Amino acid sequence: MDDVEKAILISFDESGAIDSELKLQAVNFCQKIKETPSICSLCIEKLCFCKLVQVQFWCLQALQEVIRVKYGSMSLEEKNFIRKSIFSMACLEGINDKMCVVLDSPAFIKNKLSQVLVTLIYFEYPLIWSSVFVDFLPHLSKGAVVIDMFSRLLNALDDELVSMDYPRTAEEVAVAGRVKDAMRKQCVPQIVRAWYDIVSMYKNTDPETCVTVLDCMRRYVSWIDIGLIVNDAFIPLLFELILVDGLSEQLRAAAAGCVLAVVSKRMDAHSKLSLLKSLQISRVFGLVSDDNDSDLVSAIAALITGYAVEVLECSKRVNTEDAKVISMELLDEVLPTVFYVMQNCEMDAAFSIVQFLSGYVATMKTHSSLQENQMLHISQILEVIRTQIRYDPMYRNNLDMVDMIGVEEESRMLEFRKDLFVLLRNVGRVAPEVTRIFIRNSLASAISSSSDKNAEEVEAALSLLYALGETMSDEAMRVGNGLLSELVTNLLSTRFPCHSNRLVALVYLETIARYMKFIQENVQYIPLVLAAFLDERGIHHPNIYVSRRASYLFMRIVKLLKSKLVPFIETILQSLQDVVARFTSMNLASREPAGSEDGAYVFEAIGLLIGMEDVSLEKQSDYLSSLLTPLCQQVEVTLMNAKALNPDESSLQIANIQQIIVAINALSKGFSERLVTSSRPAIGHMFKQTLDVLLQILVVFPKVEPLRTKVLSFIHRMVDTLGASVFPYLPKALEQLLAESEPKEMVGFLLLLNQLICKFSTLVRDILEEVFPTIAGRVFSAIQRVVDSSVTETNTEEIRELQELQKTLYTFLHVIATHDLSSVFLSPRSRDYLTSIMQLLLHTSCHHKDIVTRKACVQIFIKLIKDWCAKSSGEEKVPGFKSFIIETFATNCCLYSVLDKSFEFGDANTLVLFGEIVLAQKVMYEKFGDDFLVHFVSKGFPSPQNLAEQYCQKLKGNDIKALRSYYQSLIEHLRVQQNGSLVFR
């Protein structure tokens with residue numbers, strides 16, 4: 001072993017036993033050898049004598065790299081030497097009277113040799129080395145070794161150059177075209193003849209060689225003359241190989257692959273149809289009913305489905321009546337086997353079941369009525385859909401436990417089913433009655449054979465029923481028919497043994513919810529619906545995911561049925577007693593702190609039920625008291641003992657209080673403001689007492705953000721529920737909420753004030769005047785930090801919160817201004833912040849990147865001008881405001897910001913902002929007259945004088961649209977005149 005061989009072995013070592021430094025030296029040594037002028041002769045010498053596969057691979061790799069990179073600079077002699085040597089190796093010929101050992105090496109070495117040959121072909125065929133393929137053919141008589149090498153060469157040519165399955169450069173596409181054209185003219189017929197002779201000769205003695213040849217041939221069918229394969233010799237040979245029992249499965253499967261390539265070849269539709277008919281494909285149908293897992297069955301399945309796809313495509317493209325009849329006859333012949341394959345065989349990845357069946361169903365839409373065989377095919381398509389949507393039982397436990405495997409499988413099936421349900425809808429449109437009967441029978445079959453073992457079949461049947469409901473309009477469902485009534489009755493009255501299965505339970509409940517429009521019109525089913533949701537099939541299901549979903553769906557059902565459920569309120573409350581008790585029980589320590597939203601939907605459903613005026617006041621009071629009293633007592637007990645709790649106990653109690661607030665909040669959604677304030681104030685009194693208790697939480701736990709958020713949410717709820725009677729509780733609530741000044745907290749606080757202003761308008765003036773100075777101080781202090789670069793670098797989350805606060809502030813100021821509360825800005829304690837507010841609004845109206853925010857700020861200015869400025873020239877309500885508006889706002893916002901090229905007139909939002917800016921000018925003229933006009937024109941309008949005159953004329957007129965249109969054209973004119981720079985400032 002010389003140094004080169006040693007270096008190659010060391011560079012390929014993956015055992016870890018070689019020192020990394022030594023390995024690096026070896027790699028560098030090998031790289032230097034590649035750069036020597038004698039590298040080609042060295043590699044060929046090693047390939048002749050060395051049996052070490054690492055050395056052989058390195059040498060072949062080096063040769064390929066040298067040819068690719070240096071071919072243009074090689075001497076003629078060197079090219080001849082490489083060509084002759086490589087070809088001799090491939091053909092089992094000696095080099096300098098010495099036999100090369102490469103063809104005795106493993107497959108990956110022979111594959112590498114074939115790639116080197118293809119690299120030469122890339123540069124030399126057909127102009128320099130025109131005889132490469134023809135010269136190879138005589139050597140095939142040497143037997144399997146050379147036949148195998150020739151097949152590897154053709155496969156490599158396909159992989160590296162010809163096949164369009166891989167991305168190619170323009171140069172590679174051109175070379176591939178050149179190579180294919182030359183081969184067609186020169187050697188393809190001889191190669192096909194060689195394939196035929198080899199398969200005929202070796203089919204009984206060396207099936208492995210035949211498989212190699214046929215797999216190679218399959219690749220070439222797409223671009224060679226189809227007549228070389230489709231003839232009285234080759235096609236009978238291929239079918240003989242497929243149909244003869246004694247031959248190896250791999251050989252029969254390879255022959256089927258070749259026939260599939262023939263079937264898939266692109267050609268004129270009429271020619272293709274004649275070809276497909278001549279194949280008499282029905283003779284292979286029987287082969288798919290054997291062992292469904294074998295290679296042969298998979299290959300035959302692919303052939304049959306591929307054939308069906310081509311027949312269907314032909315039926316769309318042929319334009320004569322005879323051809324259409326033939327295509328439909330061929331389709332009718334193959335479809336039963338296709339359906340069998342779809343349900344029982346491993347499908348080829350290239351075949352899309354949904355795409356094929358959708359294409360077939362689409363052909364039926366053109367028929368006024370379906371024939372008997374088409375109706376049969378529809379039933380079989382529905383059976384395929386049912387089979388395909390069925391979960392694999394092997395994942396049953398994973399799906400039930402919702403582990404990682406289960407989650408992945410459920411997500412996969414959810415995506416996979418989408419197209420199948422679209423297909424079901426299409427089938428339902430073509431044959432609605434057949435579809436409904438099939439779904440009814442599927443459900444009946446699932447019911448009759450139901451056991452723990454067939455959960456997947458039940459789930460599939462219920463999913464089909466759900467999907468049917470999705471296709472029905474509300475009107476069709478309300479009217480219903482005999483079949484729908486039967487389906488719903490069967491659904492509601494069945495208790496499946498596999499109901500403990502999570503997926504079965506979920507789809508069962510979803511399906512009932514889907515058909516609620518029917519139940520709304522057929523109230524006799526309500527007891528069955530309630531039973532399904534209230535027993536162990538629904539809210540009391542042992543699986544937490546099912547019980548949670550059942551709670552949500554039950555709440556939606558209550559919302560829908562509402563007054564129709566009044567006779568059942570007692571029954572419902574009794575059934576939910578244990579769920580409610582989890583919240584109303586005083587034994588807090590024994591309760592697990594589940595998610596704070598748990599039970600919310602149950603309480604919302606109860607609230608919707610007992611909050612109706614159909615329920616008597618006495619009963620309503622009893623129901624509500626039985627829920628609110630124990631919940632409030634728990635909160636009061638916790639608050640009294642808060643100081644004595646250790647950290648673990650405290651966190652548990654905080655979690656429990658959160659759940660209680662969520663439950664009360666949800667409960668209150670069922671009570672309208674009219675009921676609690678006008679018709680039944682006693683109910684309102686209960687909610688006021690509850691609010692009083694919950695506000696204590698802010699005092700005892702002032703720093704616990706989750707609790708503050710929940711209490712804030714409840715205050716929002718009470719504003720809607722109690723109306724103006726909530727006012728006495730607001731000062732205390734707002735005081736406690738203002739105790740914290742974090743940006744996120746302040747956003748929530750401003751949203752509450754927005755709600756109060758929008759609901760009560762000027763009635764909240766006193767409250768607003770009290771809190772506004774504190775808000776302004778904190779918010780301006782906080783948003784100043786947005787420009788602090790150190791904050792930007794260290795905490796992007798904090799910046800995001802501050803930006804959200806700033807955005808909410810603009811909304812808050814806008815709400816104040818547009819609800820006749822601008823006087824709040826002028827109260828003695830708020831005046832200190834007036835300048836800051838004006839400067840912020842001015843900067844935002846001119847420069848903010850969000851156009852909608854800019855518009856809001858301009859609208860605020862318009863409202864302030866209307867509120868604070870009188871038409872007469874008397875004493876100013878806000879000293880300095882008029883001059884600020886005329887000299888600063890008008891010039892900067894209404895002129896300079898609009899002149900900027902970033903102000904895009906092509907944008908819809910920008911046009912709306914522009915409309916507000918024009919309106920602002922109109923309002924300023926109405927309030928300030930010539931004081932505004934003279935200053936604005938002098939600042940913004942260069943000569944000629946007629947521009948200013950036309951502007952004044954439009955401004956004084958009553959046509960706001962004309963003013964807007966003129967001002968836009970004026971701005972565009974000024975932009976051109978000043979060429980993008982505000983020279984006249």
Side-chain angles (χ1 to χ4, degrees), residues 1-124 129 132 145-146 148-153 155-157 159-161:
M1 188 186 299
D2 62 19
D3 289 344
V4 174
E5 292 169 7
K6 285 178 185 174
I8 292 170
L9 289 177
I10 290 170
S11 67
F12 274 102
D13 181 77
E14 296 295 335
S15 67
I18 302 292
D19 178 66
S20 58
E21 187 63 34
L22 179 61
K23 187 170 180 177
L24 184 61
Q25 287 175 10
V27 170
N28 292 334
F29 179 75
C30 292
Q31 191 58 39
K32 283 180 183 174
I33 293 170
K34 279 186 188 177
E35 293 162 9
T36 60
S38 59
I39 179 64
C40 293
S41 55
L42 173 71
C43 288
I44 287 167
E45 183 186 343
K46 294 289 179 193
L47 286 166
C48 286
F49 297 108
C50 185
K51 293 186 178 181
L52 296 167
V53 291
Q54 296 95 324
V55 175
Q56 290 177 351
F57 185 85
W58 186 88
C59 290
L60 289 167
Q61 181 76 37
L63 278 172
Q64 189 178 16
E65 285 178 22
V66 169
I67 297 167
R68 274 181 182 163
V69 177
K70 299 182 179 178
Y71 183 82
S73 60
M74 283 182 182
S75 67
L76 197 59
E77 185 184 358
E78 191 173 12
K79 290 175 185 175
N80 288 335
F81 172 67
I82 294 170
R83 186 188 311 124
K84 187 168 183 274
S85 302
I86 294 297
F87 188 73
S88 297
M89 289 179 204
C91 294
L92 210 59
E93 282 194 316
I95 301 173
N96 298 328
D97 301 325
K98 292 168 186 170
M99 289 303 293
C100 181
V101 295
V102 172
L103 293 195
D104 296 332
S105 300
F108 73 92
I109 297 295
K110 289 184 269 194
N111 287 341
K112 198 71 201 171
L113 176 61
S114 67
Q115 288 172 7
V116 176
L117 263 170
V118 169
T119 308
L120 280 169
I121 289 169
Y122 184 95
F123 290 107
E124 299 192 342
W129 190 12
V132 54
V145 175
V146 180
D148 174 75
M149 191 61 222
F150 185 58
S151 298
R152 288 180 194 276
L153 168 62
N155 290 346
L157 183 67
D159 287 336
E160 303 292 320
L161 189 60

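What you are looking at is a predicted structure, and each value in this text was computed from that prediction instead of being measured. Keep in mind that the numbers below use all heavy atoms, side chains included, and drop hydrogens, waters and symmetry copies.
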Hey, could you give me the [atom1]/[atom2] distance between [X] and [Y], rounded to the nearest 0.5 Å?
X	Y	atom1	atom2	answer
Ile39	Glu78	CD1	CD	10.5 Å
Thr119	Leu161	OG1	CG	10.0 Å
Met149	Leu153	CE	CG	6.5 Å
Leu22	Gln25	CG	CD	6.0 Å
Phe81	Ile86	CZ	CD1	9.0 Å
Ser11	Leu24	OG	CG	11.0 Å

Shortest non-hydrogen contact from [X] toward [Y]:
X	Y	answer
Leu60	Val116	O-CG2, 3.5 Å
Cys91	Val146	O-CG2, 4.1 Å
Cys43	Trp58	SG-CZ3, 4.3 Å
Ser41	Ser38	OG-O, 3.0 Å
Gln56	Ile109	OE1-CG2, 3.6 Å
Ala7	Ala26	O-CB, 3.5 Å

- Query: Taking only residues at least two apart or on different chains, which pairs with a member in residues 48-73 satisfy salt bridge (charged side-chain N to carboxylate O under 4.0 Å, His left out)?
  - Reply: Lys34-Glu65

- Task: Using the salt bridge (charged side-chain N to carboxylate O under 4.0 Å, His left out) rule, collect all pairs that involve residues 41-50, keeping only residues at least two apart or in two chains.
- Result: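 Qualifying pairs: Asp2-Lys46, Glu5-Lys46.
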
- Between Phe12 and Phe57, what is the ring plane arrangement, given parallel below 30°, perpendicular above 60°, and tilted in between?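 Perpendicular: the ring planes of Phe12 and Phe57 meet at over 60°.
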
- Query: Is a side-chain donor-acceptor pair under 3.5 Å present for Glu124 with Tyr71?
  - Reply: yes

4.5 Å side-chain heavy-atom contact, [X] and [Y]:
X	Y	answer
Ile67	Tyr122	no
Leu113	Leu103	yes
Ile44	Met89	yes
Cys40	Leu63	yes

- Under 3.5 Å donor-acceptor, Thr36 side chain and Lys32 backbone: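 It does not hold such a pair.
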
- Message: Apply side chain to side chain contact (heavy atoms under 4.5 Å, CB included) to residues Phe29 and Ile10 and explain how you reach the verdict.
- Response: CA-CA 11 Å; Phe29 179 75; Ile10 290 170; over 6 Å; no

- Task: Go through the steps for Arg152 and Asp148 under the test salt bridge (charged side-chain N to carboxylate O under 4.0 Å, His left out), then give the verdict.
- Result: CA-CA 6 Å; Arg152 288 180 194 276; Asp148 174 75; 2.7 Å; yes

- Message: If you count every heavy atom of other residues, nucleotides or ligands that lies below 6.0 Å from Glu77 atom CD, does the total exceed 12?
- Response: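 Counting other residues, nucleotides and ligands, CD of Glu77 stays at 12 neighbours or fewer.
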
- Item | Evaluation steps, side chain to side chain contact (heavy atoms under 4.5 Å, CB included), between Met74 and Val66 | CA-CA 9 Å; Met74 283 182 182; Val66 169; 3.2 Å; yes

- Task: Verify ring-ring contact (aromatic ring centres under 6.0 Å, His included) between Trp129 and Phe87, making sure each step is shown before the conclusion.
- Result: CA-CA 11 Å; Trp129 190 12; Phe87 188 73; 5.7 Å; yes

- Item | side chain to side chain contact (heavy atoms under 4.5 Å, CB included), paired with Cys50, selected from Ile8, Val55, Val4 |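 Result for side chain to side chain contact (heavy atoms under 4.5 Å, CB included) with Cys50: Val55.
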
